[in-house]
Colleague: 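Got a structure for you, written out below as structure tokens; questions coming shortly.
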Amino acid sequence: MAEKLTENLIYEILAVVEEIPRGKVCSYGQLAKLIGRDKNARLVGKVLSHAEQFGDFPCHRVVNHAGRLAPAFLNQKALLLEEGVPFKNDTHVDMKIAQWQA
DNA sequence: TCCATGACATCAA
DNA sequence: ATTGATGCCATGG
């Protein structure tokens with residue numbers, strides 16, 4: 001029973017997350033806007049935190065607006081590196097290049 | 001219903 | 001770059 005966060009919302013977010021091309025990343029705000037809830041960036045994060053439980057989603061391709069990685073996602077950096085995402089340093093992605101353009 | 005929390009965003013200093 | 005404050009919306013107790 002995973003659908004606690006408005007099943008509909010989850011579907012919209014995950015649908016977009018799945019669309020993120022390899023080697024690219026997306027910000028929560030950008031994602032929120034794509035699903036029609038530009039103010040619900042937090043919801044996106046909350047949903048993504050559960051996304052792994054719903055199935056296999058590239059939640060590691062989702063970072064905050066600063067290109068900062070998730071707080072409890074140690075493998076994220078390695079995963080993104082594997083996909084060819086350019087890092088500015090150990091904690092930030094080069095959004096300038098890696099941000100996904102929908 | 002009210003209050004607290006949150007993998008956020010944006011601005012000011 | 002870092003910290004603090006404010007906004008925004010949904011969830012859970």
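Note that this is a predicted model, so its numbers are computed, not measured. All values below were derived from every heavy atom in this structure, side-chain atoms included, with hydrogens, water molecules and symmetry-related copies excluded.
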Colleague: Measure distances between side-chain N and O atoms of A:R37 and base N and O atoms of C:dC9, and say whether any donor-acceptor pair falls under 3.5 Å.
Modeller: no

Colleague: Please give me the minimum heavy-atom distance between A:M95 and A:V63, naming the atom from each residue.
Modeller: SD-CG2, 3.7 Å

Colleague: Nearest to the side chain of A:L43, heavy atoms from C-beta on, is which of B:dA7, C:dC9, B:dC8?
Modeller: C:dC9

Colleague: Take the protein atom CG of A:L31 and the nucleotide atom P of B:dA9, then report the distance between them rounded to whole Å.
Modeller: 10 Å

Colleague: With respect to the side chain of A:N64, which nucleotide from C:dC9, B:dA7, B:dA9 is positioned closest?
Modeller: B:dA9

Colleague: Got a second to check how far A:C26's SG is from A:K33's NZ, nearest 0.5 Å?
Modeller: 12.0 Å

Colleague: For A:A70, which contact category applies under a 4.0 Å heavy-atom criterion: base, sugar-phosphate, or nothing?
Modeller: base

Colleague: If I take atom NE2 in residue A:H50 and atom P in nucleotide B:dA7, what distance separates them, rounded to the nearest angstrom?
Modeller: 9 Å

Colleague: Let me know the distance between CD of A:E52 and C1' of B:dA7, rounded to the nearest Å.
Modeller: 11 Å

Colleague: Measure CZ/A:R68 against P/C:dA1 and give the value in whole Å, please.
Modeller: 12 Å

Colleague: Can you find a pair of side-chain heavy atoms, one from A:Q30 and one from A:W100, that are under 4.5 Å apart?
Modeller: no

Colleague: I would like to know whether A:L69 and A:F87 meet side chain to side chain contact (heavy atoms under 4.5 Å, CB included); could you show each step before the answer?
Modeller: CA-CA 11 Å; A:L69 303 180; A:F87 269 71; 3.7 Å; yes

Colleague: How many whole angstroms separate atom CZ of A:R42 from atom P of C:dG7?
Modeller: 12 Å

Colleague: Can you figure out which of C:dC9, B:dA7, B:dA9 approaches the side chain of A:H65 most closely?
Modeller: B:dA9

Colleague: Quick one: A:I20 CD1 to B:dA7 C1', roughly how many Å, whole number?
Modeller: 13 Å

Colleague: Could you tell me how far apart A:D38 (CG) and C:dG7 (P) are, to the nearest whole angstrom?
Modeller: 16 Å

Colleague: How many whole angstroms separate atom CE of A:M95 from atom P of B:dA9?
Modeller: 8 Å

Colleague: In the structure I gave you, are the side-chain heavy atoms of A:D90 and A:K77 within less than 4.5 Å of one another anywhere?
Modeller: yes

Colleague: Report the nucleotide, chosen from B:dA9, C:dC8, B:dT5, that has the shortest atom-to-atom distance to any side-chain atom of A:K46.
Modeller: B:dT5

